[in-house]
Amino acid sequence: LQLVLRRFRRPGPTLTMDGSGFEQRFDTYREYTAAMLQTLDSAAGELCVFDPDLSRTGLESTQGVAHIQRLLLASRQARLRIVLHDTAHLETRCPRLLDALARFSHCFEVRQSPDDLRNLTECYLLTGNDTGVVRFHRDWPRGKWFVANPDEAGTWLSRFRQLWECSTPAVSATRLGL
């Protein structure tokens, strides 16, 4: 029985080789959102997000938007780039994010993935300081949070850049009142 219990016990964070960073697994949406907010709190420079629709990220929360605004005000080089499969949730249920998009339209851009890539199922948020949160499949909360891991961040950032290049601008910061 002890062997079985030990086998299913949640492992602690895994440290990187130089001891400066770590990786932590999570299995619930609560842990996922906490990891997202923690990552936003320590973010610097560029922030890259890929998600089907942002509905589970916590970015729309008061805390999430405050972290985004802090990041974008901290430096002229700060950027927020988001790629979504579907923008309807953002456009109809995320007024705080839309306000931030209008306020920071010079450094905040939202794009939509092309139809032929809508089968991509992972979700992730990456920061300029080699930190990120990855959900392995959009339908489940299971994933990992890594901090100060350039190898892991580089792999995901490369995927994001490829996706960014083939995506099209989707949500405008300005509204036409016709």
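Keep in mind that what you see is a predicted model, and the values were worked out from it rather than measured.
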K.L.:
Check whether any side-chain heavy atom of Asp51 lies under 4.5 Å from a side-chain heavy atom of Ile82, and answer yes or no.
P.N.:
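Asp51 vs Ile82: side chains apart.
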K.L.:
So does Glu23 pair up with Arg25, basic N to acidic O under 4.0 Å?
P.N.:
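A salt bridge links Glu23 with Arg25.
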K.L.:
Picking from Ile68, Val133, Leu59, what satisfies side-chain contact (heavy atoms from CB on, under 4.5 Å) with Val49?
P.N.:
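That would be Leu59.
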K.L.:
I'd like to check Thr121 versus His137 (side-chain heavy atoms, cut-off strictly below 4.5 Å). Are they in contact?
P.N.:
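Yes, side chains in contact.
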K.L.:
Say you draw a straight line from CZ of Arg81 to SG of Cys48; how long is it, rounded to the nearest 0.5 Å?
P.N.:
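Arg81 atom CZ to Cys48 atom SG measures 4.5 Å (nearest 0.5 Å).
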K.L.:
Please report the interatomic distance OG1(Thr39) to NE2(His67), rounded to the nearest 0.5 Å.
P.N.:
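Thr39 OG1 to His67 NE2: 10.0 Å, rounded to 0.5 Å.
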K.L.:
Counting only heavy atoms not in Arg142 (residues, nucleotides, ligands), do more than 12 fall under 6.0 Å from its CZ?
P.N.:
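Not buried by this count: 12 neighbours or fewer within 6.0 Å.
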K.L.:
Do Gln69 and Arg103 touch side chain to side chain, with heavy atoms closer than 4.5 Å?
P.N.:
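Heavy-atom side-chain distance check passes, below 4.5 Å.
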K.L.:
Which residues end up grouped with Tyr124 if you chain together Ile, Leu, Val, Met, Phe, Trp and Tyr wherever their side-chain heavy atoms are less than 4.5 Å apart?
P.N.:
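Members alongside Tyr124: Phe50, Val83, Leu117, Leu120, Leu126, Val134, Phe136, Phe146, Trp156, Leu157, Phe160, Leu163, Trp164.
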K.L.:
Quick one, Leu37 and Thr33 - any side-chain contact, counting heavy atoms below 4.5 Å?
P.N.:
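Leu37 vs Thr33: side chains touch.
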K.L.:
So does Ala34 get a backbone contact from the side chain of Gln38, meaning a donor-acceptor N/O pair under 3.5 Å?
P.N.:
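No; zero donor-acceptor contacts below 3.5 Å.
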K.L.:
Gly58 and Ser61: which non-hydrogen atoms are nearest, and at how many Å?
P.N.:
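Shortest heavy-atom separation between Gly58 and Ser61 comes out as O-OG, 2.7 Å.
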K.L.:
So does Glu109 pair up with Arg79, basic N to acidic O under 4.0 Å?
P.N.:
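Looking at Arg79 together with Glu109, the answer is no, because their closest N to O distance does not fall below 4.0 Å.
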K.L.:
Answer yes if Trp140 and Leu54 sit in the same cluster of Ile, Leu, Val, Met, Phe, Trp and Tyr residues linked by side chain heavy atoms under 4.5 Å apart, and no otherwise.
P.N.:
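No, Trp140 does not connect to Leu54 through the hydrophobic network.
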K.L.:
Less than 6.0 angstrom separating the ring centers of Trp145 and Tyr32, yes or no?
P.N.:
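Ring centres of Tyr32 and Trp145 not closer than 6.0 Å.
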K.L.:
Between the side chain of Arg111 and the main-chain N/O of Glu165, is any donor-acceptor distance below 3.5 Å?
P.N.:
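No; zero donor-acceptor contacts below 3.5 Å.
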K.L.:
Would a 4.5 Å heavy-atom cut-off, applied to side chains only, mark Asp53 and Leu90 as touching?
P.N.:
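Heavy-atom side-chain distance check fails, nothing below 4.5 Å.
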K.L.:
Evaluate the side-chain proximity of Leu101 to Val171: yes if any heavy-atom separation is below 4.5 Å, no if none is.
P.N.:
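The answer is yes; the side chains approach within 4.5 Å.
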K.L.:
What closest approach, in Å, do Cys107 and Ala78 show between heavy atoms, and which atom pair accounts for it?
P.N.:
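Minimum heavy-atom separation between Cys107 and Ala78: CB-O, 3.3 Å.
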K.L.:
Could you check if a side-chain atom of Glu122 sits within less than 4.5 angstrom of a side-chain atom of Arg159, using non-hydrogen atoms only?
P.N.:
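Yes, side chains in contact.
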K.L.:
Please assess Glu60 against Arg96 for the test salt bridge (Lys or Arg N to Asp or Glu O under 4.0 Å), listing each intermediate value before the final yes or no.
P.N.:
CA-CA 6 Å; Glu60 169 59 20; Arg96 291 183 196 103; 3.5 Å; yes
K.L.:
Mind listing the closest non-hydrogen atom pair of Ser42 and Asn129 along with its distance?
P.N.:
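Result for this residue pair: O-ND2, 2.8 Å.
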K.L.:
Within the side chain of Ser158, is there an N or O that forms a donor-acceptor pair under 3.5 Å with the backbone of Gly154?
P.N.:
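No, because the side chain of Ser158 does not come within donor-acceptor range (under 3.5 Å) of the backbone of Gly154.
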K.L.:
Just wondering, more than 12 heavy atoms not from Arg118 lying within 6.0 Å of its CZ?
P.N.:
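For Arg118, atom CZ is crowded (more than 12 foreign heavy atoms under 6.0 Å).
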K.L.:
Side chains of Ser113 and His85: do they bring a donor and an acceptor to under 3.5 Å?
P.N.:
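Yes, a side-chain donor-acceptor pair sits under 3.5 Å.
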K.L.:
Count the heavy atoms belonging to other residues, nucleotides or ligands that lie under 6.0 Å from CZ of Arg70, then report whether that count exceeds 12.
P.N.:
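Buried by this count: over 12 neighbours within 6.0 Å.
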K.L.:
Is the shortest heavy-atom distance from the side chain of Met36 to the side chain of Gln63 under 4.5 Å?
P.N.:
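No, their side chains stay 4.5 Å or more apart.
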K.L.:
Output yes when Lys144 and Glu152 qualify as a salt bridge under the 4.0 Å nitrogen-oxygen rule, no when they do not.
P.N.:
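A salt bridge links Lys144 with Glu152.
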K.L.:
Would you confirm whether Thr155, through its side chain, and Asp151, through its main-chain N or O, come within 3.5 Å as a donor-acceptor pair?
P.N.:
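It does hold such a pair.
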